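I have placed the structure first, in the form of structure tokens, so that the comments after it can refer back to it.
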Amino acid sequence: MKKITKKQPTNFKKSFKSLSFARKSLLFIFLAILASSILPVIIVILIGLLPTITILFTDSKNSAKLVIVGCFNLSGLFVYLINLIHQYNMDSAFSILGDVFNMIIMLGSAALGFLIYYEMPNLFAYIAQNTSQRRLVSIDKELEKISEEWGNKLIDEQINQINKQIN
Amino acid sequence: MAEEEIAQQNQEEIPELQESEKTNKKTILLKERYEINFNAPLDNLNCNGSRAYKVNDRIDTRRELFALVCSKDTCPRSSFLPYLKSIDHPNIMKLVEYGIINDPIQKTNCITLIYILPQGGKLLDHLEELNLKTNPAKIKHIMLGLISAAEALKGYGITHRAIRPDNLFFKNKDLNEVVIGDCLAAFPAYYQPAAYETIESLMAMPAGRGNGSEKNDIYSIGATCLNLLCKKDPFEEMSVAEVIRIKMKKGSFAALTAEEKISTGLITVFKGLLSDDSSARWSFIQAYNFLEGKTPYVPSHNLQEKLKRSLTINGEKCYSAKEVAYSLFLNPNDGWEIIRSGKLLEWVKNGLENEEIYNNLEKSISSKDETASHDIIIAEVCILLDHSAPIHMRDISVFPDGASKAIFYCMQHNININNFYDLFNSDLIRNWYLRQPDLRSPMNLSELRININRKDIGYGMERIIYELDEDLPCLSPLLGTEYVNTASRVLKALDSNYNNIKGDIRPYDKNIIAYLRCKLGKKIDGIILDLNANKESLHVSAIIRLYADMQKKYGPALLTNLGQWLCSISKPLIESYHNLKIQKKIEKDLAKISKSGKIIEICQVLENPEIKEKDIEMYRTIKKDVISLIAEKNKILTQSNRIIEEARENAIKFASILAVMTMIASFTFNLMQWISQ
């Protein structure tokens, strides 16, 4: 079998240096045009996704947290991104960001994500514990019923046998 | 010997009992026909440890009968009773009936024999009248009658072993025909005085003399007739050991005549009948020939020729191999010294001059290592020197066919039987039979040895004695005063004795199971296996199955006490059912039928295969359920942290999915709204 070798990352600096001046100029012009054309979106995204970007930098290994907070953050952001496309200019972008209510929606959705991330496990743990307790009670009742008909000996024997196996 | 003392005591006890019986006016009915009148003892007819009483025949009232109520100590030879009953011989006292009755005097069940009363009374009572010394024809007539009777018995495989003057009667008042009295009421030759037994038979303990052969009866006939002729017993006040010594030194004929003059015409016959060498002793035909006037072969010497060289054992000079063997037995310490020093071998070679015995002795002694028991070596030497003698080992001396009765006797009187264990564990019995020219071992000795050494129920010495001797009744204390000589009587005896049983005792013991194994054979081996299992419930189940089968086969139809007894011990069997409801139901059913007296019904309730199968099947299912429930409970209790951790992990997964779904929903909703605008 052929050994799969990891491709070495292309040396960006080297390749950039190897480009001719004209090419470099063209690249700059293209990037400048691109930046100026999507700048309103970028501004809204950068501000709107601030909680997610923070997580990306502070807790990048916690993928679950990133996904939950990120997705909720995005769902709050989509409302304004669609509005922005509708009236695509820098003014619209700034007016969106300038409205506190909009900021509450965008950042609040991220906060909801945080809330779910931190509280959902506790809720689940509580439910699981409760279910276990109820199951224990029902097992004891069943065993009691069996012992009434078959005697304690059967249950004791089985407990001893299981204990032996464990030991 | 202790045994002889007990035998004497038994004989002495009888008159006392008869005195006490005068106060109890009782009549016992045997087989719905024979009324045994315990108020009319016939002391004159007491015989072989049994007591005689007058009998009234309800059907034929003219017939004069008497009953012999046998002793339990020396139980009757019951296996021969049907044969004796069928014999109708002019010189054998006619056995009319036999059966088991409840003896009101000894307050125990015992075998009773009904004989026709000899009208002429005891021969000894008419001795003066007969004047046999001057009437040789009469003594010949008596002798002929006795020989004819012994021969008739031999035809049925019976040896009489109780031929002696006080057991001879005249059939009729005309004093013509002599009849021999009872021979089956006790162990063979147990009550025989020393004068009427051969030297070899006297060497054996009374209970261990065995059935012997017709040669023993021929000797007894000779001794009896000689005694009648001389009108006295020369050994009356002598111990058995003294009689043996005298008979060995002088020879039986010379010892019995005791310088009494015997008519020359009769000397030949007495010498022939009383020969101490059993191979030279006359047979029935030789005796008939003589009595008919022919001249038969006469043994040249009754006593073995005295050797010039003697062997001194314990200060006593022994001239014959028989004497040496007997002295070795009596003086084991000196005997061992003589064997070890080689004096015995030297004497056999140069004194006895018997090459065969010398070679056998040398081979036997040299094959034994230093650890071998001296007693067993002495016993083997005794067999090689005198194979006609009983097996002598330590303080026991028995013929192999009498060993079982000797053990039975010892067990009954709480005498230690360890020596018998050693006897059966050695090769002495096998070696004894190997030396017998006309006898073969009737038992599988290797199997017997295995059985004797097993401590399990149904094995051991009890098994051996019942296996070797079918006359012996079951010795179990659980049977009380009942006389159990057949398997069918076991249940009845247990039923009768239930009220005397105190405490939590099961209705079986080693004795009963060993006895039933011998009587019922291999088919109860499975039961014995269960009785030796570790489970108590199996023991109860096995005994109930066994007794149910026996009741079905032998009856009786009602065994109320035994039924209750079995129910009382059935708890472990009931508890072997797993379901408590089934247990309660069985207990309820058992309470209903416990007094019905039908063990089969009890067995059916306790051992219902359908219920058993259902219980097992249900138990299997419930067991699986219990295992899974306990495992689940264990898991919950021991892995609660893990469960919570799992719940948390699941919560994160759920939240992630929820977040993605929310994002998609928001995107789709806004996109739709934008498109619609």
Side-chain angles (χ1 to χ4, degrees), chain A residues 62-83 85-86 109 112-113 115-129 131-133 135-136 138-140 142-143 146-155 157-159 161-163 165-166, chain B residues 575 577-584 615 618-677:
Chain A
N62 193 340
S63 56
K65 192 178 178 182
L66 191 65
V67 167
I68 295 162
V69 175
C71 285
F72 272 99
N73 204 177
L74 273 172
S75 57
L77 194 69
F78 280 141
V79 186
Y80 303 103
L81 278 178
I82 300 293
N83 283 344
I85 292 161
H86 199 60
S109 60
L112 184 66
L115 190 74
I116 286 173
Y117 174 76
Y118 283 112
E119 288 310 317
M120 189 70 92
N122 288 341
L123 181 70
F124 268 55
Y126 173 75
I127 293 167
Q129 210 168 0
T131 315
S132 301
Q133 288 305 320
R135 183 66 189 137
L136 276 179
S138 101
I139 287 171
D140 284 342
E142 272 182 67
L143 288 174
I146 289 168
S147 80
E148 269 172 24
E149 200 174 339
W150 298 89
N152 285 328
K153 203 180 155 190
L154 165 70
I155 294 162
E157 268 176 18
Q158 300 316 314
I159 289 171
Q161 210 172 323
I162 288 170
N163 286 343
Q165 281 172 0
I166 291 166
Chain B
E575 283 173 356
Y577 285 91
H578 305 97
N579 193 301
L580 297 180
K581 282 179 187 170
I582 293 176
Q583 285 184 17
K584 274 177 193 166
D615 179 71
M618 280 163 65
Y619 182 72
R620 251 186 237 143
T621 319
I622 215 76
K623 203 172 159 183
K624 275 182 195 168
D625 292 350
V626 168
I627 289 170
S628 70
L629 284 172
I630 292 170
E632 194 182 343
K633 191 180 172 180
N634 260 9
K635 195 182 165 189
I636 292 169
L637 290 172
T638 57
Q639 301 179 349
S640 59
N641 288 337
R642 203 176 149 190
I643 290 166
I644 291 169
E645 209 51 50
E646 270 176 21
R648 284 180 187 282
E649 279 169 19
N650 290 335
I652 295 290
K653 282 176 194 167
F654 175 74
S656 302
I657 293 164
L658 183 71
V660 171
M661 295 299 286
T662 312
M663 186 191 76
I664 294 166
S666 166
F667 177 74
T668 316
F669 176 74
N670 287 308
L671 192 66
M672 296 291 282
Q673 217 175 20
W674 180 64
I675 292 164
S676 66
Q677 278 174 4

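All of these numbers come straight from a predicted model, not from anything done at the bench. Throughout, a chain's letter reflects where its sequence line sits, starting with A, and its residues are numbered from 1.
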How long is the straight-line distance from [atom2] of [Y] back to [atom1] of [X], given to the nearest 0.5 Å?
X	Y	atom1	atom2	answer
A:L143	B:I630	CG	CD1	5.5 Å
B:K653	A:I68	NZ	CD1	12.5 Å
B:I636	A:Q129	CD1	CD	12.0 Å
A:S138	B:E632	OG	CD	7.5 Å
B:Q673	A:N83	CD	CG	8.0 Å
A:I159	B:I627	CD1	CD1	11.5 Å

For the student: nearest non-hydrogen atoms of [X] and [Y], plus distance:
X	Y	value
B:A651	A:P121	CB-CA, 3.3 Å
B:K633	A:I139	N-CD1, 3.8 Å
B:M663	A:S75	CA-CB, 3.6 Å
A:W150	B:Y619	CH2-N, 3.6 Å

Chain A heavy atoms under 4.5 Å from [X]: which part of the residue, side chain, backbone, both or neither?
X	value
B:S656	both
B:M661	neither
B:F654	side chain
B:I652	both

Discussion item. Let's test your reading of the structure: which of B:D615, B:I644, B:T662, B:N579 forms the most heavy-atom pairs below 4.5 Å with chain A?
Written reply: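 Option with the greatest count: B:N579.
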
Worksheet item: In terms of heavy-atom pairs under 4.5 Å, which option from B:V626, B:I622, B:I643, B:I582 contacts chain A the most?
Response: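 Winner by heavy-atom pair count: B:I622.
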
Heavy-atom proximity to chain B below 4.5 Å, by part of [X]:
X	value
A:D140	side chain
A:S147	backbone
A:E148	backbone

Worksheet item: So which of A:L74, A:L136, A:I127 has the biggest tally of heavy-atom pairs under 4.5 Å with chain B?
Response: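 Top option by heavy-atom pairs under 4.5 Å: A:L136.
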
Worksheet item: How about B:E646: does its CD atom have over 12 heavy atoms from other parts shown lying under 6.0 Å from it?
Response: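 Yes, CD of B:E646 has more than 12 neighbouring heavy atoms, counting only those of other groups under 6.0 Å.
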
Discussion item. In the structure I gave you, are the side-chain heavy atoms of A:L81 and B:N670 within less than 4.5 Å of one another anywhere?
Written reply: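 SC-SC contact between A:L81 and B:N670 ruled out.
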
Item to complete: Decide side-chain contact (heavy atoms from CB on, under 4.5 Å) for B:L658 and A:M120; before the verdict, give the C-alpha distance in whole Å, the side-chain angles of both, and the deciding distance to 0.1 Å.
Response: CA-CA 11 Å; B:L658 183 71; A:M120 189 70 92; 4.2 Å; yes

